Amino acid sequence: MRIIAAIFLLIITSGCTSDNVNHHPPKPYDNPKEGYIVYTPKSGYQIGDGYFLKGFHASGLHYLDNCYGVGSLKPSKQLPANLSYSEIDEVIYLRYPGGPSMARCDINYEVIRSEAEKYIAASRSSAIAQSDADLEHRNKQVSRPQKKVEFGGYVATKENILGSVVLACYTGSLDSVGMLYVSKEEQSDRYKALLGLYEGEPANVKRISNAYNFARRNLSDRYPLDTMGRYRAGVCDQMVTKGKL
C-alpha cells in the first residue's frame, strides 16, 4: 500500500518546478542588451549566409524548455522567447521575459538552427529568383528595338533624355532662310517627333518643349554667320549640361 501511494505522489509532482531543487545558476546573456547567441551563420570564401538572415525575427514557446525561477518569479517550465538577427554582430540572439536574472532555461539549439537554415534557404531562393527576373528584364530591354527619331544626321532615343533635349534645342534654332533653313512644317514635324518619344511622361515633355521654345526665341534667325550651326549647337549643349534646359 505504501509503495502504491509513493508512486501516486511521484506521478502528481513530476513536471512541477520545485523550489528546493539545487539548480545551477543561469549564465548571463552573451550580450546584455541583445541576449544569448544561439546561432552563427556560415561564413567564408564565397559563403555568406548572414546576408540571407537580414530581417529574421521569430518568437514562440518551442525555443526554451525546463525553465525554473531563480528570482522572485516562478515561471512555468516553458517561457516564450524572441529570436532576432543582428546585422552588426552577424548572429541570432535569443531573449525571454525576465532574462537569466529571473529564470534559467534549456535552449533548443537544434530547433533554432533548423528554422534559421530554412529561412536562409528561402531567402537565397528568393534572391536567385529575383536575380533571374532582373536578368531576363535586362535582356528584353537590350533586345527590344529602341524608340528613336532621326533627322539631320542626329539621333535621339527615349533612353537618352539629355540628347533629346539638346536635339530639341537645335531643332528650334534652325533658320527660316539661309544655310540652316528648314520649312516651318518640317521643323514642326521634328519637334512633334521628339515630343512623341516621351508620350505619357509630362516632366520630359516639358523639357523638350522648353528647349525648343528657348531656341526659337533666342537662336533662330539671329546668327546668319553661323552657317554650320556650330555656335547654336554649342549654346544648346551648354544650356543642357548646366541644367538650364
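Bear in mind the structure is a predicted one, so any value in this text is a computation, not a measurement.
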Atom pair [atom1]/[atom2] of [X] and [Y] - distance to nearest 0.5 Å:
| X | Y | atom1 | atom2 | result |
| --- | --- | --- | --- | --- |
| Arg124 | Asp49 | CZ | CG | 5.0 Å |
| Tyr29 | Ser101 | OH | OG | 8.0 Å |
| Lys158 | Asn160 | NZ | CG | 12.5 Å |
| Ile208 | Leu245 | CD1 | CG | 10.0 Å |
| Ile92 | Ser86 | CD1 | OG | 10.5 Å |
| Ile120 | Arg113 | CD1 | CZ | 10.5 Å |

Common cluster, [X]/[Y], ILVMFWY with side-chain heavy-atom separation under 4.5 Å:
| X | Y | answer |
| --- | --- | --- |
| Val91 | Ile112 | no |
| Leu219 | Tyr170 | yes |
| Leu94 | Tyr109 | yes |

[X] versus [Y], closest heavy-atom pair with distance:
| X | Y | result |
| --- | --- | --- |
| Pro80 | Pro97 | O-CD, 3.0 Å |
| Ser164 | Ala156 | OG-CB, 3.6 Å |
| Ala103 | Pro26 | O-CB, 4.2 Å |
| Leu162 | Arg207 | CD2-NH2, 3.5 Å |
| Ala215 | Ser173 | CB-N, 3.5 Å |
| Ala58 | Tyr63 | CB-OH, 3.4 Å |

So do [Y] and [X] actually touch side chain to side chain, heavy atoms under 4.5 Å?
| X | Y | result |
| --- | --- | --- |
| Tyr93 | Ile37 | yes |
| Tyr191 | Ser209 | yes |
| Asn210 | Lys244 | no |
| Cys169 | Val235 | no |
| Val165 | Ile161 | yes |
| Tyr85 | His57 | no |
| Tyr36 | Tyr96 | yes |
| Leu53 | Tyr39 | yes |

Requested in this report: Would you kindly say whether Asn204 and Glu201 are connected by a side-chain donor-acceptor distance under 3.5 Å?
Outcome: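 Looking only at side-chain atoms, Glu201 and Asn204 do form a donor-acceptor pair, the distance falling under 3.5 Å.
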
**Report entry** Steps toward side chain to side chain contact (heavy atoms under 4.5 Å, CB included) verdict (Arg232, Asp175)
**Finding:** CA-CA 11 Å; Arg232 62 195 80 191; Asp175 298 333; 2.9 Å; yes

Requested in this report: Mind checking ring-ring contact (aromatic ring centres under 6.0 Å, His included) for Tyr119 and listing every partner two or more places apart, or none if nothing turns up?
Outcome: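 Residues passing ring-ring contact (aromatic ring centres under 6.0 Å, His included) with Tyr119: Phe56.
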
Query raised in the report: Is a side-chain N or O of Ser125 found less than 3.5 angstrom from the main chain of Ala121, in a donor-acceptor match?
Result: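 Here the side-chain-to-backbone pair exists.
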
Query raised in the report: Side chain of Asn108, backbone of Glu110: donor and acceptor closer than 3.5 Å?
Result: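 No, the answer is negative, given that no donor and acceptor are paired below the 3.5 Å cut-off.
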
Query - Atom OH of Tyr198 with >12 non-hydrogen neighbours under 6.0 angstrom - result: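 Check passes, neighbour count above 12.
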
Query raised in the report: Ion pair present between Lys118 and Glu115, side-chain N to carboxylate O less than 4.0 angstrom?
Result: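 Here Lys118 does not pair with Glu115 in a salt bridge, since their nearest N and O are not under 4.0 Å apart.
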
Query raised in the report: According to the side chain to side chain donor-acceptor pair (under 3.5 Å) rule, which pairs have a member within residues 216-225, sequence neighbours left out?
Result: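 Passing the test, one end in residues 216-225: Ser176-Asp221, Gln187-Arg216, Arg216-Ser220.
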
Report task. For Ile107 and Leu64, run side chain to side chain contact (heavy atoms under 4.5 Å, CB included): C-alpha distance rounded to whole Å, both residues' side-chain angles, the deciding distance at 0.1 Å, then the answer. Result -> CA-CA 5 Å; Ile107 299 173; Leu64 298 174; 3.8 Å; yes

